[in-house]
There are 2 protein chains.
Amino acid sequence: MSALGPGSLARMMELATVLNFETKDILFREGEQAEYFYCVLSGYVRLYRLNRDGREADIRICGSGDTFAESLLAMGESYHYNAQAAENVTIARFDLQKVRLLAEQERDIARAIIQCLSSYLRSTMDCIANDRLQTAPQRVAQYLLDNCQDCMGTVSIRLPFQKSLLAGKLGLAPEALSRAFSSLRRAGVTVRGRMIQINDVNALKQI
Amino acid sequence: MSALGPGSLARMMELATVLNFETKDILFREGEQAEYFYCVLSGYVRLYRLNRDGREADIRICGSGDTFAESLLAMGESYHYNAQAAENVTIARFDLQKVRLLAEQERDIARAIIQCLSSYLRSTMDCIANDRLQTAPQRVAQYLLDNCQDCMGTVSIRLPFQKSLLAGKLGLAPEALSRAFSSLRRAGVTVRGRMIQINDVNALKQI
DNA sequence: CGTACAGTTGAAGAACATCAACCTACGTGG
DNA sequence: CCACGTAGGTTGATGTTCTTCAACTGTACG
């Protein structure tokens, strides 16, 4: 949105419907007819898939400012994952068909879509590489490092969501995340609820 | 390309440089200044990342018609993975900066980029879900099913590349792929070199 | 004070990686 | 024509990593 000119911005805002969902509400399911794409305004939304046995795997955790199901602007008939509110959330919903038409007319909207898709493609590819290269403690260490701004000496971080959600985001069972945290204690990471203190950022980088 | 009008197509072709690489040649490395994006014309290109110990993990295997590094059209300064020829390949190379300008002018080029990014984003998200939900035999079974067209009764498939490349694509060590194939024998899958015979497609779907 | 939920810990097992040996198929040079 | 070397693939043995299940702990909230 921040990349749009005033005219396009206004026309996008006209198409937006703002909605609230409560924790664990399902926004849509895999296979459903896709009519909208979404932008998170507050809270977190979990995108996940099921296997035949009903086991769930998170694909992405969307926070405020993130969009999802945008890739259906180009191709879509139906959603290919489930979306669930991880907590009480506010989202903006856009009619896919109308945005498609708008993107044909307005260059800056098309450009914003390209930016957005590129950025998600990149982070999704990063996710594959991390899953395949890193162990659980390494993934957690990287998450912490990615989420501390200044990144020097001693830092404190507050997790923005539940640990079980972080576990899913990192492709781990909640127990594995817990064990990863406790194995990071020897690297100077102290966990108290959602507060995480890192004694030495450089030590963490060595993990 | 097939979605472009004649004018845009011609202007894109003007920007293309066709190049050949031999097996194991490196097209570019992670962190290098990005000047081009690529389209595979024949052969296969392996996109991969390294961890600190030098272990490699494949992110994507690109065959003919696939593009890569297109996400840099929106954002890029440098490549964020390595690209290596998995066999003798022919590729077309496009100057990123020039295509950026062209995409600003020509709507159909912007639309084609959106299509392309959407499709890769979708398949990359599928890859994450598969990695997290499926075991090695299941991934192999799904690969086989995805690559048999008619998909009824008995089918034969010829792998388009080496098994070690398939292993990397599926996020497995070569030994794990070999074991997965041998565990699929009881589901009626016979492997002889690159030829794979599936006795009963429906049985494979149950895996 | 009791209930519910998030998180931790322990024990067991599954799945995969790694290392090493071996087994082809193929091409080369004597 | 045969010995040899190489590269791709298989198989076995072993260890690591993570999942799963279960019991338990802490904490927030009515």
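Chain letters run A, B, ... following the sequence lines, proteins first, then strands; residues in each count from 1.
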Student: Heavy-atom count around R194(B) CZ within 6.0 Å, excluding the residue itself: above 12?
Tutor: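 Count over threshold, so yes.
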
Student: Which pairs count as side chain to side chain donor-acceptor pair (under 3.5 Å) when at least one residue sits in residues 180-192 of chain B, sequence neighbours excluded?
Tutor: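 Matches after skipping sequence neighbours: none remain.
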
Student: Heavy atoms within less than 4.0 Å of DNA chain D: which residues of residues 125-148 of chain B have one? Give them sorted by number.
Tutor: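 Listed by number, there are none.
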
Student: Does anything in residues 183-207 of chain B pair up under ring pair (Phe, Tyr, Trp, His ring centres under 6.0 Å), and if so which pairs, sequence neighbours excluded?
Tutor: none

Student: Run the side-chain donor-acceptor check on residues 8-27 of chain B: report pairs under 3.5 Å with partners two or more places apart or on a different chain.
Tutor:
from   : atom 1 : to      : atom 2 : distance (Å)
S8(B)  : OG     : D108(B) : OD1    : 2.7
S8(B)  : OG     : D108(B) : OD2    : 2.9
R11(B) : NH1    : E106(B) : OE2    : 2.6
R11(B) : NH2    : Q105(B) : OE1    : 2.8
N20(B) : OD1    : T90(B)  : OG1    : 2.8
T23(B) : OG1    : N88(B)  : N      : 3.4
T23(B) : OG1    : N88(B)  : OD1    : 3.1
D25(B) : OD2    : E22(B)  : N      : 2.8

Student: With sequence neighbours excluded, tell me which residues meet ring-ring contact (aromatic ring centres under 6.0 Å, His included) with Y36(A).
Tutor: none

Student: Pairs in or reaching into residues 130-146 of chain A: which pass side chain to side chain donor-acceptor pair (under 3.5 Å), with residues at least two apart or in two chains?
Tutor: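 Checked against side chain to side chain donor-acceptor pair (under 3.5 Å) - neighbours excluded - the pairs reaching residues 130-146 of chain A are D131(A)-R132(B), R132(A)-D131(B), Q134(A)-Q142(A), T135(A)-Q138(A).
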
Student: Taking only side-chain nitrogens and oxygens of R55(B), does any of them come within less than 4.0 Å of OP1 or OP2 of dT18(C)?
Tutor: yes

Student: When you compare the side chain of T124(A) with that of Y120(B), does any pair of heavy atoms fall below 4.5 Å?
Tutor: no

Student: Near DNA chain D, which residues from residues 157-170 of chain B have a heavy atom under 4.0 Å away?
Tutor: Q162(B), K163(B), S164(B)

Student: Taking only residues two or more places apart in sequence or in another chain, which ones pass ring-ring contact (aromatic ring centres under 6.0 Å, His included) with Y48(A)?
Tutor: none

Student: Could you write out each protein N or O paired with an N or O of nucleotides 23-30 of chain D at a distance under 3.5 Å?
Tutor:
none

Student: Does the side chain of M75(B) come within less than 4.5 Å of S119(A)'s, by heavy atoms?
Tutor: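 In contact.
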
Student: In whole Å, I'd like the distance from the CG atom of N51(B) to the C1' atom of dT18(C).
Tutor: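 So the two atoms are 14 Å apart, to the nearest Å.
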
Student: For F181(A) and dA6(C), give me the distance from atom CZ to atom C1', rounded to whole Å.
Tutor: 14 Å

Student: Within the sub-3.5 Å range, which N or O atoms of nucleotides 9-13 of chain C have a protein N or O partner, and how far apart are they?
Tutor:
from    : atom 1 : to      : atom 2 : distance (Å)
dG10(C) : N7     : R179(A) : NH1    : 3.0
dG10(C) : O6     : R179(A) : NH2    : 3.1
dA11(C) : N6     : R179(A) : NH2    : 3.3

Student: Name the orientation class of the two ring planes belonging to F68(B) and Y38(B) (parallel below 30°, tilted from 30 to 60°, perpendicular beyond 60°).
Tutor: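 F68(B) and Y38(B): parallel rings.
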
Student: Would you tabulate the side-chain donor-acceptor contacts of residues 198-207 of chain A under 3.5 Å, counting partners in other chains and residues two or more places apart, or write 'none'?
Tutor:
from    : atom 1 : to      : atom 2 : distance (Å)
N199(A) : OD1    : Q197(A) : NE2    : 3.2
N199(A) : ND2    : G188(A) : O      : 3.4
D200(A) : OD1    : N202(A) : N      : 3.0
D200(A) : OD1    : A203(A) : N      : 3.4

Student: Keeping R111(B) on the side-chain end and A103(A) on the backbone end, is there a donor-acceptor pair under 3.5 Å?
Tutor: no

Student: Contact class for L177(B) vs. all strands (heavy atom < 4.0 Å): base, sugar-phosphate, or nothing?
Tutor: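 Answer is nothing: L177(B) stays at 4.0 Å or more from every strand.
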
Student: Report the residues that fulfil ring-ring contact (aromatic ring centres under 6.0 Å, His included) with F181(B), sequence neighbours left out, ordered by chain and then residue number.
Tutor: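 ring-ring contact (aromatic ring centres under 6.0 Å, His included) list for F181(B), sorted by chain: empty.
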
